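Single-structure report; data block below.
Each residue takes its place number in the sequence, starting with 1. This is a predicted model, so every value here is computed, not measured.
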Amino acid sequence: QVQLVESGGGLVQPGGSLRLSCACSGFTFSTYVMSWYRQAPGKDREFVAFISTTGPSPRYADSVKDRFTISRDNAKNAVYLQMNNLKPEDTAVYYCRADRTSTYWGQGTQVTVSS
């Protein structure tokens, strides 16, 4: 069955860094575009970053541009989100998403930025 399993979340101080991972199985990962989304308490889920099947020209939400980097390893069926200079407003549950003919979501990983 299709699985997307996020990991790497946690509690970090403002200015710190985290690297999220999303391990995928049950579908042909290399043919799916991948994205990261996040949802803060009381807010709608919002787009964070996008990467194409082979990686060029990633896209980012303005709020994370120049701080976050999305990447993927098609050999490992995984997508990553490197998050630097984290801010309290980055606190949210982070989800990975796969899109092609179908859309799949992971279960999310909590990121809390607080001193």
Could you tell me whether the side chain of Y60 and the main chain of I70 form a donor-acceptor pair under 3.5 Å?
-> yes
Is the Lys NZ or Arg CZ of R19 less than 6.0 Å from the centre of Y80's six-membered ring, within 45° of the axis?
-> yes
At what distance, to the nearest 0.5 angstrom, does CD1 of I51 lie from OG1 of T69?
-> 10.0 Å
Using distance only, find each side-chain donor-acceptor pair of residues 82-89 under 3.5 Å and give its atom names and separation, not counting sequence neighbours.
{"unit_1": "Q82", "atom_1": "NE2", "unit_2": "N84", "atom_2": "OD1", "d": "2.9"}
{"unit_1": "N84", "atom_1": "OD1", "unit_2": "S17", "atom_2": "OG", "d": "3.0"}

Contacts under 3.5 angstrom, residues 41-50 side chains, donor-acceptor by atom type, not counting sequence neighbours:
{"unit_1": "E46", "atom_1": "OE2", "unit_2": "R38", "atom_2": "NE", "d": "2.6"}
{"unit_1": "E46", "atom_1": "OE2", "unit_2": "R38", "atom_2": "NH2", "d": "3.1"}

Can you find a heavy atom in the side chain of R100 that is under 4.5 Å from one in the side chain of T28?
-> no
Can you give me every donor-acceptor pair (side chain of residues 4-16, partner residue at least two apart or in another chain, under 3.5 Å) with its distance?
{"unit_1": "E6", "atom_1": "OE1", "unit_2": "Q107", "atom_2": "N", "d": "3.0"}
{"unit_1": "E6", "atom_1": "OE1", "unit_2": "Q107", "atom_2": "NE2", "d": "3.4"}
{"unit_1": "E6", "atom_1": "OE1", "unit_2": "G108", "atom_2": "N", "d": "2.9"}
{"unit_1": "E6", "atom_1": "OE2", "unit_2": "C96", "atom_2": "N", "d": "2.8"}
{"unit_1": "E6", "atom_1": "OE2", "unit_2": "G108", "atom_2": "N", "d": "3.3"}

Decide yes or no for K76 and F29: does some side-chain heavy atom of the first lie under 4.5 Å from some side-chain heavy atom of the second?
-> no
State which residues pass salt bridge (Lys or Arg N to Asp or Glu O under 4.0 Å) with D62; sequence neighbours excluded, sorted by chain then number.
-> K65
Chi angles and distances behind the side-chain contact (heavy atoms from CB on, under 4.5 Å) call for T109, Y95 | CA-CA 7 Å; T109 185; Y95 300 89; over 6 Å; no
When rounded to the nearest 0.5 Å, the distance separating CG of D73 from OG of S30 is 11.5 Å
Donor-acceptor pair, N74 side chain versus T53 backbone, under 3.5 Å?
-> yes
Which atom of Q110 lies closest to which atom of T91, heavy atoms considered = NE2-CG2, 4.1 Å
Backbone of G55 reached by a side-chain donor or acceptor of S52 within 3.5 Å = yes
What class does the angle between the rings of W105 and Y37 fall in, given that below 30° is parallel, 30 to 60° is tilted and above 60° is perpendicular?
-> perpendicular
Among all residues two or more places apart in sequence or in another chain, which pass the side-chain contact (heavy atoms from CB on, under 4.5 Å) test with T101?
-> Y32
Report the C-alpha separation of Y104 and F27 in whole Å, then their side-chain angles, then the decisive distance to 0.1 Å, and conclude whether the ring-ring contact (aromatic ring centres under 6.0 Å, His included) test is met.
-> CA-CA 10 Å; Y104 305 121; F27 62 99; 5.3 Å; yes
Can you tell me which residue pairs pass the disulfide (SG to SG under 2.5 Å) test with a partner in residues 47-91, sequence neighbours excluded?
-> none
State the CE-CG distance between M34 and L81, to the nearest 0.5 angstrom.
-> 11.5 Å
